[in-house]
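This chain uses plain numbering: 1 for the first residue, then up along the sequence.
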Amino acid sequence: MAEEIKLNILEPRATEKTYLEQTKRTYVFAVKCGMSKQEIAKLVEKEFNVKVTDVRTLIRDGKKTKYSKGKHAYPGTTFRKDKKYAYVTLAEGNSIRVFEEPEKEEAKTSAKEAKADKKAKADKNAGKENK
C-alpha cells in the first residue's frame, strides 16, 4: 500500500523536431502547467543526474471543440486543456538517454540458418537409420 506517487512527471516528447533539438543538447518534455522553470531544472537534474544550463517553456492553448447535449439542444463550444512544454538545454558533455533503446542481443541464427540447421540434422538422422 506504500506506493510512491510521482507528482511531477517528466514526459519526453518524441517528434522529428525533438530529435533535431537533441543534436544541440536540448531535450523537450511535457510538464504540468503549474511548474516553474526552476522546478523543471531541479527535477531534470535530480532525475537524470545532469547539469541544466537553460530552460525555456511554452504553453500551447487547448483546441476549441464543439459539443452537443442531446438531439435538440443548442451545440456549444469548449476548450481542451492547455499543454506546457519545457525545452531543457544541458551543459557541455551531458546527455540523456531518453529515446535510445538498450542494445538487444541478436538472435543466434537467422530464419534461413535455422532451416539449414534443421535440414542438416534431418539428413544426419536419416544417415544413421540407413546403417
Side-chain angles (χ1 to χ4, degrees):
M1 290 237 173
E3 293 181 36
E4 185 177 323
I5 300 172
K6 286 189 175 182
L7 298 176
N8 299 317
I9 298 174
L10 289 173
E11 182 182 320
R13 297 273 299 156
T15 62
E16 291 180 18
K17 183 178 178 181
T18 59
Y19 285 123
L20 182 64
E21 288 290 321
Q22 284 183 16
T23 60
K24 304 170 194 171
R25 297 184 329 270
T26 301
Y27 296 85
V28 183
F29 296 96
V31 295
K32 290 188 172 185
C33 285
M35 292 181 70
S36 68
K37 292 181 181 183
Q38 292 82 10
E39 291 173 338
I40 294 167
K42 285 179 186 177
L43 190 61
V44 170
E45 286 178 351
K46 181 182 173 186
E47 187 105 3
F48 299 106
N49 296 324
V50 293
K51 176 70 176 150
V52 174
T53 58
D54 184 40
V55 177
R56 293 174 287 138
T57 57
L58 154 73
I59 297 177
R60 288 221 174 112
D61 292 335
K63 292 183 178 181
K64 182 189 281 190
T65 59
K66 293 183 179 182
Y67 70 92
S68 176
K69 290 190 174 186
K71 187 174 181 181
H72 301 290
Y74 184 77
T77 56
T78 186
F79 292 90
R80 294 183 186 162
K81 284 184 174 180
D82 295 345
K83 295 180 183 179
K84 185 171 189 174
Y85 299 106
Y87 287 75
V88 179
T89 305
L90 303 181
E92 190 78 33
N94 289 329
S95 66
I96 299 174
R97 291 186 54 160
V98 175
F99 304 111
E100 299 173 9
E101 291 184 17
E103 294 180 18
K104 297 178 181 177
E105 292 183 25
E106 294 183 26
K108 293 180 182 177
T109 58
S110 66
K112 289 182 181 179
E113 291 174 351
K115 279 186 178 180
D117 289 344
K118 204 177 213 183
K119 188 176 181 183
K121 285 181 183 179
D123 291 341
K124 192 175 182 180
N125 290 338
K128 287 182 181 179
E129 291 175 5
N130 289 337
K131 289 184 180 181

Gap separating the [atom1] atom of [X] from the [atom2] atom of [Y], nearest 0.5 angstrom:
| X | Y | atom1 | atom2 | result |
| --- | --- | --- | --- | --- |
| K37 | Y87 | NZ | OH | 13.0 Å |
| R80 | R60 | CZ | CZ | 13.5 Å |
| F79 | K63 | CZ | NZ | 13.0 Å |
| K84 | L58 | NZ | CG | 9.5 Å |

For [X] and [Y], indicate whether the former's side chain and the latter's backbone hold a donor-acceptor pair under 3.5 Å.
| X | Y | result |
| --- | --- | --- |
| R25 | L90 | yes |
| T18 | R13 | yes |
| T89 | T53 | no |

For the student: nearest non-hydrogen atoms of [X] and [Y], plus distance:
| X | Y | answer |
| --- | --- | --- |
| C33 | D82 | SG-O, 3.5 Å |
| I96 | V50 | CG1-CG1, 4.3 Å |
| T77 | K66 | CG2-CG, 3.9 Å |
| A14 | Y19 | CB-OH, 4.3 Å |
| E39 | M35 | OE1-CA, 3.2 Å |
| A41 | V55 | CB-CG2, 3.9 Å |

Practice task
Give a yes or no on whether Y27 and L20 share a hydrophobic cluster (residues Ile, Leu, Val, Met, Phe, Trp, Tyr; joining criterion: side-chain heavy atoms under 4.5 Å apart).
Solution key: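 Unlinked, Y27 and L20 end up in two clusters.
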
Handout entry: Short side-chain donor-acceptor distance under 3.5 Å, T78 and T65
Key =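 There is no such pair between these side chains.
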
Exercise for the section: With the side chain counted from C-beta on, respond yes when T15 and V28 share a heavy-atom pair under 4.5 Å apart, and no when they do not. Expected result: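 Side-chain contact under 4.5 Å: no.
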
